[in-house]
Structure formats: C-alpha cells, structure tokens
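Notes for the one structure printed next.
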Amino acid sequence: MTLHLYNTKARTKQVFQPLDSNNIKMYVCGPTVYNFVHIGNARPVVVFDTLFRVLQAEYPKVTYARNITDIDDKIMKAAKENNEPIRDLAERFANAYKEDMAALNNLEPTITPYATDHIGDMIELVSTLVEKGHAYEAQGHVLFAVQSMEKYGSLSNRSLEDMLDGARVEVAPYKKYAGDFVLWKPSASDEPGWESPWGYGRPGWHLECSAMIKAKLGKTIDIHGGGRDLIFPHHENEEAQSCCAHDGEEYVRYWMHNGYLNIDGEKMSKSLGNFRTVRDLLESYRGEVLRFALLSAQYRSELDFTTSLLDQAKTALDGLYGALREVEGIDTSAIDANIKSTPFYQALLDDLNTPIAISELHQMGKALNKANDDQKPLLKAQLLAAGDLLGLLQSTSAEWFQKSGDSELSAEEIEGLIQERLDARAAKNFARSDEIRDYLKSKSVILEDSKEGTQWRFE
C-alpha cells in the first residue's frame, strides 16, 4: 500500500504524490509565543511529528519546517502587562514550547524559522502583491483585495458572503471590501516595527507563514498542516496571497488539518476556563502518556481529553513496557525489524490511522509475551521499530517502571525491601512478607511476582 492522505482542499483521501520524491517539503504552523502552550496546541505537533516519522521511513529526505510567531498583538499585550521587552518574553516562551514538545517525544523539525527573521521577505511579498494589483495601501495599512482572486474561498469551500457571515471581520473605513485582510499595519513609535515602503509598521499574521515558506521551502510545498481552526481565515489567506504573488502557481499540494480537542466533552477554550497547559499536565503525567493519549484517536476526528483517557494511556504503556521488560537483555541492534509489510505500518499509510496502529502495537506486545526464545529477538525489534514510528517506547523498561513517582523511597531502598520480603517468604514468614508488600503499596510501589522473580513499578 502507498501513503494516502486526506486533502482538506480536495475533501477526500488521496494517494500522496510529492513534487520531488527525493525531498519532501512539509510546513506546520507553530505557536504564537506569549504564554505556555495548552494541550490543544500539542495535538498538531504530535500528529505531524508522527507523519514526519512515516515520511522519513518512506523517502530519503524530508524537510520539515515549523515556525515560531514572535511578533503579534498578543505578544505585545503580554509584554506590556509583564513590563518586559517583547523579545525577552517571546524567547522565554519559545524555549518553554520547545521543552514541552520535546517532553512529548517530538523530534526537532528540520527548520524552525522565526517570523522576525523574515521581515524582508514579507515586505518583498507585499510589494509583489501591490504591483500585481492584488493588494492596496490605505491609511498606512496594506490590504489584500480578496475580490481580485477568482478562487478565493476554495480551501474552506465558502463563498465570500459565507466567509463574512461566519467570521469576525474588522470592517474598517479604509477597506475597499469588508473581507479584505491586512498584510501590513502601522506601528506606533513605542511599538515594535520595521521601516517599509508604507511606513514604520509590522506584518499581518497571515503574511508571515507565506513568506517563511517561500524563503525556506520554495513557492510550492507538498504538505501544509495545522489545526482545523486554521482553515479559515489563516490558511485560506495564506493560499490567496501566495498564489496571487506567484501568478497562480500551486502553493500547497496537500492541506492537512487535525480535529479539535475537547476537555471532558466541551471544546477547550480560555473563555470557558477549561484549558490545560502541557506544562501543568507534565507535573502529573509523563510526556509519553500525553502523546499516547493524543494518538489514540484518528487525527481528523475530535478527541475528548479526559483523566480517564490519560489513565488508560498509562495502563496501555505499562503493558507494552511490561512485555519489553521480559526481554530486556536481548540485543536487537543487528536485527532488521522489517515492519513495512505489517498491518501496523499499513495503518499508518492509511492517512495516519493511529488507533488501528496502536491496536496492532498491542498485538505485537501480546505476541512477544507468548513467544518462544527463538522468536523473541525479531518480535522485540519489531515492537521497538513500531514504537519509534509513533514516538513511543522511547525509554527502557527499567527506566519506565522505576522512574521516580510520588514514592518517598529510592530504588535502592525498594530493592532492599523486596529482598527482605523474599527472605521472609523463604522462611515462611508470610505475615512479614504481606506487611512489606502493603507498605510498598502505600508508597505507590506495585510488586509483580512471576516465575522469573519479582519486578516492581510505581503506581
């Protein structure tokens, strides 16, 4: 089976046919860095990181760009409230974002462009649009004239009238048409800005990604990803300004969007006060648990993010790491796992069907548990290779089960008590044996007895 992806613009699943099979180009919209990111922001990162891994398995080179928006009105507002320089605030939260995403086992993108490093590219793009009659200057602003593009609205499949009805559009007196959007806006003397042909100012949000894509990846890319909330107006406007600047050349071959994330059945939003930051969640759950939970639903569907879902994710990972613990000593470094013909891999080629892939991952774990000694090396290698494609099973089983949790006991103290319990059982002092087990359980340490001995893990 070849890779199939759902193309938002075509509104169907399509065979992936890249422009250049020797270099796949993918861009994903990154954060506006004015605060810690919430778990909804993490979903597209995990989704497209998984796609990045699959593409790397399929093609010799993948260039993956994920930007940082470090100039925006929200950043300006937060910096003013904190009484700190905008650059300092943006850099602080950009670093926090990178740390949080790394904690969820996301690979570093090939390129991480910052918006403020590409102001010259943005000014050049705006100038081109003005020259070609697709943009106009008005009272220090430069606006894109949406009526100048015949196919405007084709990505979101809306007419101009529908888009105006469904969007909060600033109907400013300097606009020729209410739906026209800002490419460049004036800055006050005490606000961040850059000199331009239209005066001192700063870029509009939509402009930034188009300029960074052109500068880093070229006029046309294979895949552009982001959350469903970006389809309109952000991605619609990106496509409009890029296509018009480049005389109708295709901007993106495959548009991909992940579904919304809900919290306990309600759409997550700051207005409802039900958003959870990744940083807060990492205080209670390991990053791999959060990642597993985010992959548990197919990326285009909505995901209800609950405590129950996280607990199920941890239990599932405990089971997989439990299977690996039994074969911890087997070296698989020289084994070709060859998983491309497995149902697991075929599920990923089918528009990243991670629920099916995770189900197959569990089947691999069960097969490993039942395997004879001759089968174990290959099955272990396949389970680890499958885990790598999902960004899971990145720890050793010993690290997973013995990583410090809420217990006050050190690993050495726990091992000592386990030995004392074994000695008590050997002496048929079962009361003392049970007492030690109960004590360890009260410290969040769970014992698991088998014919191979006693293993332990934190609850």
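Remember, it's a predicted structure, so these values are computed and weren't measured experimentally.
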CZ (Arg87) and CD1 (Ile71) are apart, to the nearest 0.5 Å, by 9.5 Å
Is it true that Lys185 and Asp73 have a side-chain N and a carboxylate O under 4.0 angstrom from each other?
yes
Hey, does the side chain of Arg66 reach the backbone of Pro109 with a donor-acceptor pair shorter than 3.5 angstrom?
no
Correct closest heavy-atom pair for Tyr321 and Glu288 would be OH-OE2, 2.9 Å
Check the pair Asp318, Thr315 against side-chain hydrogen bond (donor to acceptor under 3.5 Å, both in side chains), reporting the backbone distance first and the verdict last.
CA-CA 5 Å; Asp318 283 345; Thr315 298; 5.3 Å; no
With distance as the sole criterion, is a donor-acceptor pair present between the side chains of Asp70 and Thr116 under 3.5 Å?
yes
Using atom types as modelled and distance alone, determine if a side-chain donor or acceptor of Asp331 lies under 3.5 Å from a backbone N or O of Ser333.
yes
Note: Arg53-Asp49 ion pair, threshold 4.0 Å (strictly below)
yes
Aromatic Trp400 / basic Arg286 pairing, under 6.0 angstrom, 45° off normal
yes
CG-CG distance between Asn82 and Leu89, expressed to the nearest 0.5 angstrom:
5.5 Å
Give a yes-or-no answer on whether the side chains of Glu236 and Tyr152 include a donor-acceptor pair shorter than 3.5 Å.
no
Looking at Tyr136, does the NZ or CZ of Lys176 lie under 6.0 angstrom from its six-membered ring centre and within 45 degrees of the ring axis?
yes
In short, salt bridge (charged side-chain N to carboxylate O under 4.0 Å, His left out) pairs touching residues 221-234 with sequence neighbours left out are none
Greater than 12 external heavy atoms within 6.0 Å of Glu124's CD
no
Nearest 0.5 angstrom please: Asn67 CG to Asp117 CG, how far?
11.5 Å
Arg279 with Asp100: basic N within carboxylate O range, under 4.0 Å:
yes
Check Asp72 with Arg202, please: is the shortest side-chain N to carboxylate O separation under 4.0 Å?
no
Given the rule in the side-chain contact (heavy atoms from CB on, under 4.5 Å) test, do His38 and Val278 qualify, once you have shown the distances and angles that lead to the verdict?
CA-CA 5 Å; His38 56 66; Val278 173; over 6 Å; no
Please state whether the rings of Phe16 and Tyr59 are parallel, tilted or perpendicular, taking 30° and 60° as the class boundaries.
perpendicular
Can His141 and Glu137 be counted as having a side-chain donor-acceptor contact under 3.5 angstrom?
no
Are Arg43 and Tyr299 in a cation-pi contact, defined as NZ or CZ under 6.0 Å from the six-membered ring centre and within 45° of the axis?
no
For side-chain contact (heavy atoms from CB on, under 4.5 Å), just list the numbers for Asn262 and Phe305, CA-CA rounded to whole Å, side-chain angles, deciding distance to a tenth of an Å, and then say yes or no.
CA-CA 6 Å; Asn262 302 322; Phe305 202 79; over 6 Å; no
Please check this pair: side chain of Lys25 against backbone of Leu217, looking for a donor-acceptor N/O pair closer than 3.5 Å.
yes
Any chance you could measure Tyr34, atom OH, to Lys74, atom NZ, to the nearest 0.5 Å?
4.0 Å
Any heavy-atom pair between the side chains of Thr112 and Ile68 that's under 4.5 Å?
yes
Would you call Glu239 and Lys151 a salt bridge, using N to O less than 4.0 angstrom?
no
